[in-house]
Amino acid sequence: MLGRDLVDTLLASPFEFNVLAWDIDEIDITKSEEVVEKIGEAGANLPVKYVINCAAYTNVDGAEVERERSYEINAIGAKNVAAATASIGARTIYISTDYIFRGDKSDPLVEKDYYNPVNYYGSTKLAGEEFTNSMDPKALIIRTQWLFGPHGKNFVETMLALHERGNLIKVVDDQLGTPTYTLHLADAIGQMMQSSHSGAYHISNSGSTSWFGFAKTIFELAELEVELVPISTEDYIKSVNKIVAERPRNSVFNMAKINNDANLTMRDWREGLGEYL
């Protein structure tokens, strides 16, 4: 979802990027030799400035079961990409997540807040950050959250599909975050690539809501009538017959750092949702 929007955004950028994009059938980041060969070949043929690692195991609940696989992709894969990138003198951009934080803080999260993931997915992404930094000290870590966009499964499409079935829709109302439109995020990443900044940055759309608030706004902007009910996380877990990973209760980002360092101000999430719809 993010990868495809990044390709389109960078190709259309006034900064005139040359873009080489690989999907999973062309590169398996869990295989070190394959990564070294592919990135090495790219570096031999073109002056490569950045390698953006959008590959990830993103099934948060699935990671609780497929622990070895999720760690292999999110952590070891990230290590492989960063090591190969540094070896050709380029810089790594690693896409990370709000889930590296516990999410029990009442204020918006700053980059230096204490990391304490509440689920295994968050642990694998934190390990990916650490491996990336150790292999490529010049790396740029971009943490984001609650993504939706035109090229992948996302919460907006799930809500619209539930509406088509005509059922009562129950949505969690005690987890706070910021829905983020992938095209807005891709544009921000492109702008960050014009700077020399490294380290971790929080980038999402601005504003905040709960999953229930997100759903309510989706149906309002789509002008759809629906019976929508807010529920607690605990009630949701009781209602489903599967393993459910714990989620942070507050994932809202403080984005003062990106604003101060890169003069980058993100648009409100409702604007992104309106564009998407």
Side-chain angles (χ1 to χ4, degrees), residues 1-27 29 38-39 41-56 58 78 81-82 84-85 88-97 132 136 138-157 160 178-198 200-207 218 221-222 253 255 257-277:
M1 184 163 58
L2 176 60
R4 287 182 63 177
D5 281 344
L6 262 172
V7 170
D8 293 343
T9 298
L10 295 177
L11 286 174
S13 169
F15 301 119
E16 298 184 348
F17 291 108
N18 291 313
V19 181
L20 178 62
W22 297 317
D23 213 331
I24 192 169
D25 57 341
E26 297 164 292
I27 185 171
I29 67 167
K38 291 284 284 189
I39 291 179
E41 285 178 359
N45 295 320
L46 291 168
V48 179
K49 186 174 182 181
Y50 285 101
V51 174
I52 308 175
N53 181 8
C54 290
T58 58
V81 171
T85 300
I88 64 167
R91 293 178 59 197
T92 311
I93 297 179
Y94 179 65
I95 309 300
S96 192
T97 174
T132 298
D136 181 6
K138 299 180 297 181
L140 182 61
I141 308 295
I142 293 178
R143 299 181 188 135
T144 191
Q145 58 178 284
W146 294 30
L147 297 187
F148 64 93
H151 297 300
K153 180 181 178 182
N154 62 70
F155 184 79
V156 182
E157 296 305 319
L160 294 176
T178 304
T180 301
Y181 187 29
T182 48
L183 281 168
H184 290 178
L185 176 60
D187 183 63
I189 293 171
Q191 292 183 58
M192 284 296 291
M193 290 167 66
Q194 299 307 301
S195 73
S196 59
H197 298 302
S198 60
Y201 284 87
H202 289 173
I203 306 181
S204 68
N205 277 118
S206 63
I218 291 167
L221 293 183
F253 285 157
M255 290 187 288
K257 184 180 178 185
I258 194 74
N259 183 261
N260 293 334
D261 289 3
N263 195 30
L264 185 60
T265 301
M266 296 298 290
R267 285 174 278 179
D268 189 88
W269 67 270
R270 297 171 189 83
E271 184 179 341
L273 177 59
E275 288 183 20
Y276 176 70
L277 290 172

Where the side chain of [X] meets the backbone of [Y], is there a donor-acceptor pair that is under 3.5 Å apart?
X      : Y      : result
Thr182 : Leu2   : no
Asn154 : Val156 : yes
Thr178 : Gly207 : yes
His197 : Asp261 : yes
Glu41  : Lys38  : no
Ser13  : Phe15  : yes

Separation of [Y] [atom2] from [X] [atom1] (nearest 0.5 Å):
X      : Y      : atom1 : atom2 : result
Ile142 : Thr97  : CD1   : OG1   : 13.5 Å
Ser196 : Lys138 : OG    : NZ    : 11.0 Å
Thr144 : Leu185 : OG1   : CG    : 4.5 Å
Ile189 : Leu140 : CD1   : CG    : 8.5 Å
Ile24  : Ile29  : CD1   : CD1   : 8.5 Å
Tyr201 : Ile141 : OH    : CD1   : 12.0 Å

Which heavy atom of [X] sits nearest to which heavy atom of [Y], and what is that distance?
X      : Y      : answer
Tyr50  : Ser195 : OH-O, 3.3 Å
Ala42  : Leu20  : CB-CD2, 3.9 Å
Ala139 : Ser198 : O-CB, 3.4 Å
Met266 : Ser206 : O-OG, 3.3 Å
Ala188 : Leu264 : CB-CD2, 3.7 Å

>> If you count every heavy atom of other residues, nucleotides or ligands that lies below 6.0 Å from Glu16 atom CD, does the total exceed 12?
In response: no

>> Counting only heavy atoms from other residues, nucleotides and ligands, does the tally under 6.0 Å from CG of Asn18 exceed 12?
In response: no

Please examine the side chains of [Y] and [X], heavy atoms only from C-beta on, and report whether any two atoms are closer than 4.5 Å.
X      : Y      : answer
Trp22  : Ile39  : yes
His202 : Ile258 : no
His151 : Asp8   : yes
Ile218 : Phe155 : yes
Met193 : Ile52  : yes
Asn53  : Thr132 : no

> Taking only residues two or more places apart in sequence, or in another chain, which ones meet Leu183 in a side chain to side chain contact (heavy atoms under 4.5 Å, CB included)?
Replying inline: Asp5, Thr9, Tyr181

> Between Ile203 and Met192, does a side-chain contact (heavy atoms from CB on, under 4.5 Å) hold up when you go through it step by step?
Replying inline: CA-CA 10 Å; Ile203 306 181; Met192 284 296 291; 4.2 Å; yes

>> Out of the candidates Arg270, His184, Glu271, Gln145, only one should pair with Asn205 under the side chain to side chain donor-acceptor pair (under 3.5 Å) rule; please name it.
In response: His184

>> Over 60° means perpendicular and under 30° means parallel, so tell me whether Phe148 and Tyr276 are parallel, tilted or perpendicular.
In response: perpendicular

